[in-house]
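FYI, side chains are in, hydrogens and waters are out, and symmetry mates aren't considered; it's all heavy atoms of this structure. It should be emphasised that the depicted structure is a prediction, and the values quoted were computed from it without experimental measurement.
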Amino acid sequence: MLRSAIRPLAAVSRKPASSMFSTTPKRDMKILAILYDGGKAAEQEPRLLGTTENKLGLSEWLKSQGHEYIVSSDKEGPNSVFQKELKDAEVLITTPFHPGYLTKDLMDKAKNLKLCVTAGVGSDHIDLNAAVDNKVQVLEVTGSNVTSVAEHVVMSILLLVRNFVPAHEMIERGDWQVSEVARNAFDLEGKVVGTIGAGRIGYRVLQRLVPFGVKELLYYDYNPLPEHAAKEVGARRVEDLKDFVSQCDVVTVNTPLHEGTRGLINADLLKHFKKGAWLVNTARGAICDKDAVAQAVKSGHLNGYAGDVWNVQPAPKDHIWRTMKNPLGGGNGMVPHYSGTTLDAQARYANGVRSILENYFAGKPQDPANIIVGIGKYESKAYGQREDKQKTSHGFSKS
Ligand code: NAI
């Protein structure tokens, strides 16, 4: 994987140049973390590290380093802990599972903010263009949960294609009518499956689908896979999105959310899907138009939709994706946002956050793969095509 050399990031940004590469470890920093409440489960299960109770396992360490560490789930409105404490925080830790939405307005007011760390992967809840303008760095723990998500995608494809959810619900109800569920159950073998976005997750999905004997694997991505990687899984690139979706029986979405992907799957594009196709989105809810998807499922144009990401999180109780069904009463594989927060993943992203902070405190360079926005510019190539501002590698990585 190609990587450009990147200047050390730690302890830089809005400070004058003289203090930029100080080797004295920084102390007395205010670090704010917005995480989700884990309740009883988090008290019983200490490996639920991404919760307000277990605080990413960082409390004692940060205290011993002389820093103030504030952790809360309270994130909405001007009186929230998030908005109040952000004003003088130097480091903000957030999680995509309970996103603290860092808008331009909030960032402009957070005069001391220098570093945002996403505990996980996917930093769209931060206004990245504002981060560029304000010279606030945005890092995430790249790769920390990509296998977790890829497994969930494969599971979701299978549960839709095989009509699993209605079959299980029938059993719970005490019924037994095989034909009712078999009438809409298929094999994955022989189907065409395509991924929008063939980065770390998308590529892992392709790898995991090879043994299923699908008819063809396709991908759509402005960054082509390295030739050897495409060859290894036998994936063919389709450069036009409408052409791409019209060839797929199953489409899976694996791109970040940015200006170029918000609302990408809308009523117009859905017309080009094969009738009866299945759609799986574990990337970000807002990549799909909520109502257009619900309508397509209701009409049967989409045979099903599955995923764990929603346009607002937590999703309101009456969100149509909770209950939408195809004309045969199935086709809904929605769950709360958890595919990337298995206990295995939580250990990886908690460790990753700690090592980003260690580098920052010590003034050491960060792993370039973790940098979404560096000082005043995008370092990732995955958040849209920004020829003038970016310079690093394709998201593809087997590591
Ligand atoms: P990555 O950076 O390795 O790959 C993203 C790929 O999407 C890149 O190859 C990029 O070129 C491509 N892409 C970007 N914009 C595109 C567009 N308009 N059309 C086609 N391709 C485009 O990222 P990774 O690790 O694979 O993660 C992808 C996304 O998955 C994250 O940004 C996040 O939103 C989501 N995610 C969801 C999780 C969950 O728990 N549901 C957990 C982890 C990630």
Scan the side chains in residues 303-310 for donor-acceptor partners under 3.5 Å anywhere in the protein, sequence neighbours excluded, and list what turns up.
unit_1, atom_1, unit_2, atom_2, d
N303, OD1, N184, ND2, 2.9
N303, OD1, N326, ND2, 3.0
N303, ND2, N184, OD1, 3.0
Y305, OH, N281, ND2, 3.2
D308, OD2, Y338, N, 3.3
D308, OD2, S339, N, 2.9
D308, OD2, S339, OG, 2.8
W310, NE1, D308, O, 3.4
W310, NE1, V335, O, 3.1

Pair listing, salt bridge (charged side-chain N to carboxylate O under 4.0 Å, His left out) test, anchored in residues 260-278, at least two apart =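 Matches after skipping sequence neighbours: K242-D268, D249-K274.
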Side-chain donor or acceptor of [X] paired with backbone N/O of [Y] under 3.5 Å:
{"X": "H337", "Y": "H98", "answer": "no"}
{"X": "T342", "Y": "A345", "answer": "yes"}
{"X": "R208", "Y": "R204", "answer": "yes"}
{"X": "D37", "Y": "G39", "answer": "no"}
{"X": "N145", "Y": "G340", "answer": "yes"}

Might you confirm whether atom [atom1] of [X] has over 12 heavy atoms from other residues, nucleotides or ligands at distances under 6.0 Å?
{"X": "R47", "atom1": "CZ", "answer": "no"}
{"X": "K325", "atom1": "NZ", "answer": "yes"}
{"X": "L48", "atom1": "CG", "answer": "yes"}

Under the ring pair (Phe, Tyr, Trp, His ring centres under 6.0 Å) rule, collect the residues that match up with F186, sequence neighbours excluded.
->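 So F186 forms a ring pair (Phe, Tyr, Trp, His ring centres under 6.0 Å) with W278.
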Are any of the side-chain heavy atoms of [X] and [Y] separated by less than 4.5 Å?
{"X": "T255", "Y": "L264", "answer": "no"}
{"X": "M107", "Y": "V136", "answer": "yes"}
{"X": "V117", "Y": "L92", "answer": "no"}

Got a sec, which pairs hit ring-ring contact (aromatic ring centres under 6.0 Å, His included) with one end in residues 46-94, sequence neighbours left out?
->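 Listed by first then second residue: W61-F361, H67-F361.
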Would you give me the side-chain donor-acceptor pairs under 3.5 Å for residues 346-354, sequence neighbours excluded?
unit_1, atom_1, unit_2, atom_2, d
Q346, OE1, L49, N, 2.8
Q346, OE1, G50, N, 2.8
Q346, NE2, T341, O, 3.0
Q346, NE2, T341, OG1, 3.0
R348, NE, S144, O, 2.6
R348, NH2, S144, O, 3.3
R348, NH2, S148, OG, 3.2
Y349, OH, T341, OG1, 2.8
N351, ND2, A347, O, 3.3
R354, NE, E358, OE2, 3.0

Quick one: side-chain hydrogen bond (donor to acceptor under 3.5 Å, both in side chains) pairs with a partner in residues 162-171, sequence neighbours left out?
->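 Residue pairs with at least one partner in residues 162-171: R162-D187, H168-E172.
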Looking at H125 versus Y101, is the centre-to-centre ring distance below 6.0 Å?
->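 Centroid distance H125-Y101: not below 6.0 Å, so no.
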